[in-house]
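Below: the structure, in structure tokens.
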Number of protein chains: 2
Amino acid sequence: MTQGSPHDPRFRLRLVFAPGEMLGPGKADLLEGIARTGSIAAAGRDMGMSYKRAWQLVETMNAMFREPLVESTRGGAKGGGAVLTEAGQAVLTEFRSLEAVAEKAGAAHIDRLQAMLRDIPDQK
Amino acid sequence: MTQGSPHDPRFRLRLVFAPGEMLGPGKADLLEGIARTGSIAAAGRDMGMSYKRAWQLVETMNAMFREPLVESTRGGAKGGGAVLTEAGQAVLTEFRSLEAVAEKAGAAHIDRLQAMLRDIPDQK
DNA sequence: ATTCGATATTCCCATGTGGATATATCGCAT
DNA sequence: ATGCGATATATCCACATGGGAATATCGAAT
């Protein structure tokens with residue numbers, strides 16, 4: 001009887017398309033952060049991720065999809081920044097929807113599994 | 001238009017109940033292997049996993065659930081062995097069902113994401 | 001009593017993942 | 001011209017994860 005809001009921390013879903021080509025919560029959160037902050041560095045900071053790692057994730061995402069998901073600019077008044085491309089928005093939306101429908105579909109199973117745990121965590 | 005049979009390698013789902021308490025494809029495969037072979041070591045070998053790791057996974061599973069999922073015996077004619085308890089069977093079945101319904105529910109989203117890849121992997 | 005095969009448990013080490021750090025570059029604003 | 005802030009990129013290193021190997025233990029069968 002636990003209802004899964006957009007981000008249920010219990011439920012993690014990852015798509016493995018090929019070795020080294022995967023999409024999961026980490027990259028999704030990063031895309032979200034970039035969309036919100038307009039910066040790779042700021043997005044990384046917000047989720048306690050080093051800039052190096054954040055940038056690496058962006059690089060692999062841009063490489064694995066037909067069109068880049070993140071567009072970045074250097075220099076300028078604010079030093080630069082990054083924004084989601086149309087493809088980036090689409091991927092993010094699609095993945096979030098996937099998470100939502102998948103978890104909703106499996107909610108009953110998740111609840112039954114959780115009920116079998118020794119110490120049932122605070123539901124949410 | 002890709003149909004997800006029981007084990008679609010693209011789709012990986014993990015439940016994170018608490019730090020150190022998670023259930024995903026690895027443990028599920030191991031449970032399956034134990035049920036099939038009647039041995040922790042054999043199950044580990046079958047999936048290229050060291051006995052040490054297989055045993056560790058069994059240990060954590062037995063610890064995190066109210067009742068142990070795997071019951072093991074030492075000594076005897078065949079040296080010993082391991083079988084799934086009723087709880088073990090239930091957890092395995094429940095998790096496989098979860099994977100199935102979750103993937104089926106998200107199939108359209110998965111296909112759309114895959115279609116955006118640079119090189120579309122061999123569907124299956 | 002000895003053998004046998006699997007579980008149980010420990011120790012050491014290779015590996016790689018990612019953090020920290022340093023540096024270079026860019027372009028607008030002042 | 002200089003400063004600033006973010007991207008871009010490489011190098012070094014701490015740490016955790018897990019493999020490999022070694023050892024002990026168990027219980028039925030011979």
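Proteins get letters first, then strands, A, B, ... in listed order; numbering begins at 1 in each.
- For residues 46-55 of chain B, the set of pairs meeting the side-chain hydrogen bond (donor to acceptor under 3.5 Å, both in side chains) definition, not counting sequence neighbours, comprises R36(B)-D46(B).
- Within a heavy-atom distance below 4.0 Å of DNA chain D, the residues of residues 38-71 of chain B found are S50(B), K52(B), R53(B).
- Side chain of R118(A) to main chain of F65(B): a donor-acceptor pair is present (N/O by atom type, distance under 3.5 Å, no hydrogens or angles).
- Judged by distance alone, with hydrogens and angles left aside, the side-chain atoms of T85(A) form a donor-acceptor pair with the main-chain N or O of L69(A) at under 3.5 Å.
- Looking at heavy atoms from C-beta onward, L30(B) lies out of side-chain contact with V70(B) at the 4.5 angstrom threshold.
- With hydrogens and angles disregarded, no donor-acceptor distance shorter than 3.5 Å links the side chain of R14(B) to the backbone of G26(B).
- Residue-level contact check: G80(B) touches the backbone only, with heavy atoms under 4.0 Å from sugar-phosphate atoms and none from bases.
- An OP1 or OP2 oxygen of dA8(C) is reached within less than 4.0 angstrom by a side-chain nitrogen or oxygen of S72(B).
- The CZ atom of R74(A) sits 11 Å away from the P atom of dT7(D) (whole-angstrom rounding).
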